[in-house]
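Written below as structure tokens is the structure these notes are about.
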Amino acid sequence: MKKIMNRETYDLIIIGGGPAGLTAGLYAARAKLKTLLLEKLPLTGGQTINAWMLENYPGFPDGISGPELIKKMETQARKFGLMIKTGEVNEIKVSGDMKQVVHEEGDYFCRTIIVATGASPSRLGVKGEKRLIGKGISFCGTCDGFFFKDKDVVLVGGGDTAMEEALFLTRFVRKLSVVHRRDSLRATRILQDRAFENDKINFIWDTVVEGIEGEKNVDKVILKNVKTGEISVEETDGIFVFVGTNPNTQCLQGFIDLDKQGFILTNKNLETSAPGVFAAGDVRKKLLRQISTAVGDGATAAFAAEKYIDSFHS
Ligand code: NAP
């Protein structure tokens, strides 16, 4: 691909177009910072785009779907002048006070950066998984649930995502077996209660997946009880995996301080170890990863970036 040389300098470049990035974009645009948001995928939204119903984002008593919320956030940010471009950021370089964002289409220059690249679903890392992704293994119920109409599926994980997706999948599937490595769930109480009350869902406790099998498509999953060591085989039409997330920090390795899982370390103003580089949302090390906390991060990071720029003029 031919690289474009973007000599224009931005006040702020936001990397990532999920709720944190779009909120940062809204605040920065309203603060009249010349701001560009770079989103890797053709659509903004990050993981939120896969949420069929959000019930804990304030202001929507009847809930709102992820795509609908993102559409509203993007429209609002663009209304105040946020520019959005798609394509992948490969690297960030710092030379004095100027930052260079190495993008697949060319380099962009700016005074401050907000990293809001979010996180991606973790894999199980078991035998058969890599080969059968897209052939019965899925990481998104909203995207793939329809293909499992009246089928029996296995779902791995015990967190909020796992329970939300399990409940959603019961619209389609005949039976859903939740495989969880402990004997109690991590998910919020209200989601646990709903899952326990759902007749289509059964639980296989204290169990991990050892392997996934199937010639063309998934047809069985090998399970191991972690307490007894017993191995069993569960026949299944598909397997949904929701075992947490990994931060999208590949383009930042060696550039800013990360924790041992790769999440970005920030101070209370969301500044990273690189002056003028801030982080917001699921990509940073934090207690609670929610859309509501991502939105708060976006606002704080944009305000802090504005103050950082002002400090050079005072
Ligand atoms: P999570 O909270 O980290 O839960 C991951 C689940 O997968 C846990 O139950 C964990 O077991 C299990 N697990 C991890 N590694 C595993 C492995 N190798 N094999 C088998 N099981 C494994 O991840 P999440 O559910 O994706 O949620 C991520 C964040 O987003 C959380 O902060 C969550 O609260 C938030 N979220 C919120 C909502 C909402 O508010 N509506 C919806 C979705 C996500 P253990 O419990 O034993 O560790």
Side-chain angles (χ1 to χ4, degrees), residues 18-20 45-70 116-130 137-143 154-169 177-196 201 203-212 221-227 234 239-248 259-264 280-297:
Q47 294 185 95
T48 304
I49 213 83
N50 298 328
W52 61 280
M53 185 53 68
L54 304 163
E55 288 184 326
N56 56 356
Y57 189 72
F60 299 94
D62 300 321
I64 182 166
S65 76
E68 209 183 331
L69 181 66
I70 289 300
T117 44
S120 305
S122 302
R123 295 187 179 182
L124 283 169
V126 298
K127 200 167 165 239
E129 183 183 39
K130 206 170 164 190
I137 301 179
S138 170
F139 300 86
C140 177
T142 321
C143 321
V154 164
L155 181 147
V156 192
D160 283 333
T161 308
M163 288 312 104
E164 280 191 347
E165 297 276 336
L167 290 161
F168 177 73
L169 285 167
S177 303
V178 173
V179 172
H180 184 40
R181 64 182 178 183
R182 294 188 287 129
D183 61 3
S184 62
L185 297 173
R186 180 181 287 275
T188 317
R189 211 53 223 218
I190 189 167
L191 292 174
Q192 293 196 25
D193 290 349
R194 286 180 193 166
F196 292 143
I201 301 178
F203 289 85
I204 304 175
W205 300 109
D206 298 315
T207 298
V208 292
V209 174
E210 287 275 286
I212 303 166
V221 51
I222 316 300
L223 303 175
K224 181 182 175 185
N225 184 301
V226 291
K227 286 194 173 151
E234 179 91 5
I239 171 159
F240 284 82
V241 180
F242 303 106
V243 292
T245 54
N246 285 321
N248 297 325
D259 75 359
K260 62 177 188 312
Q261 290 168 279
F263 290 99
I264 300 175
D282 283 8
V283 73
R284 77 179 186 92
K285 182 179 164 68
K286 64 196 286 196
L287 179 64
L288 183 63
R289 293 194 173 86
Q290 302 272 303
I291 297 173
S292 51
T293 63
V295 160
D297 278 7

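Keep in mind it's a predicted model, so treat the numbers as computed, not measured. For ligands, and for the atoms within them, numbers begin at 1 and follow the listed sequence.
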Checklist line | Residue and atom name of the nearest protein heavy atom (relative to atom 34 (O) of ligand 1), distance in Å to one decimal | finding: Asp160 OD2, 2.7 Å

Check: With atoms numbered from 1 as shown, which atoms in ligand 1 lie under 4.0 angstrom from a non-hydrogen atom of Glu164?
Finding: 39 (C), 41 (N), 42 (C)

Note to self: If the test is side chain to side chain contact (heavy atoms under 4.5 Å, CB included), which one of Val178, Leu155, Leu169 qualifies with Ile201?
What the structure shows: Val178

Notebook entry, point to check: Starting from atom 37 (C) of ligand 1, which protein heavy atom do you reach first, and at what distance in Å?
Noted result: Gln290 NE2, 3.0 Å

Margin query: Whether Glu55 and Arg194 form a salt bridge (side-chain N of Lys/Arg under 4.0 Å from carboxylate O of Asp/Glu) is what I want to check.
Written below: yes

Item checked: Taking atom 9 (O) of ligand 1 as the reference point, the nearest protein heavy atom with its distance -> Gly158 N, 3.1 Å

Item checked: Nearest-neighbour protein heavy atom for atom 2 (O) of ligand 1, which is reported as residue plus atom name and distance -> Arg186 CD, 3.4 Å

Checklist line | Listed partners of Phe240 passing ring pair (Phe, Tyr, Trp, His ring centres under 6.0 Å), at least two apart | finding: Phe148

Margin query: Please check this pair: side chain of Glu129 against backbone of Gly125, looking for a donor-acceptor N/O pair closer than 3.5 Å.
Written below: yes

Next item on the list: Please test Lys286 against Asp297 for salt bridge (Lys or Arg N to Asp or Glu O under 4.0 Å), starting from the C-alpha separation and ending with a verdict.
Entry: CA-CA 10 Å; Lys286 64 196 286 196; Asp297 278 7; 3.0 Å; yes

Notebook entry, point to check: At what distance is the nearest protein heavy atom to atom 20 (C) of ligand 1, and which residue and atom is it?
Noted result: Val243 CG1, 3.8 Å

Next item on the list: Record the part of Thr161 in heavy-atom contact with ligand 1 below 4.0 Å; permitted values are side chain, backbone, both and neither.
Entry: both

Next item on the list: Apply the test side chain to side chain contact (heavy atoms under 4.5 Å, CB included) to residues Asn50 and Cys143: give CA-CA distance (whole Å), side-chain angles for both, the deciding distance (0.1 Å), then the verdict.
Entry: CA-CA 7 Å; Asn50 298 328; Cys143 321; 3.7 Å; yes

Check: In the protein, what heavy atom is nearest to atom 11 (O) of ligand 1, and what distance, to one decimal place, separates them?
Finding: Arg181 NE, 3.1 Å

Checklist line | Sub-4.0 Å heavy-atom approach of Val208 to ligand 1 | finding: no

Notebook entry, point to check: Can you check salt bridge (Lys or Arg N to Asp or Glu O under 4.0 Å) on Asp206 and Arg181, steps first, answer last?
Noted result: CA-CA 4 Å; Asp206 298 315; Arg181 64 182 178 183; over 6 Å; no

Next item on the list: Specify side chain, backbone, both or neither for Arg289, according to which of its non-hydrogen atoms lie closer than 4.0 Å to ligand 1.
Entry: both

Next item on the list: Number the atoms of ligand 1 from 1 as they appear, then name those within less than 4.0 Å of a heavy atom of Arg182, with their elements.
Entry: 45 (P), 46 (O), 47 (O)

Notebook entry, point to check: How far is atom 3 (O) of ligand 1 from its nearest protein heavy atom, and which residue and atom is that?
Noted result: Gly244 CA, 3.9 Å

Item checked: Residue part near ligand 1, for His180, under 4.0 Å between non-hydrogen atoms -> side chain

Check: What's the shortest distance from atom 40 (O) of ligand 1 to any protein heavy atom, and which residue and atom give it?
Finding: Asn56 ND2, 2.6 Å

Check: Quick one: does Thr207's side chain have a donor or acceptor within less than 3.5 Å of a partner on His180's backbone?
Finding: no

Check: Are the side chain of Ser122 and the backbone of Gly244 linked by a donor-acceptor contact shorter than 3.5 Å?
Finding: yes

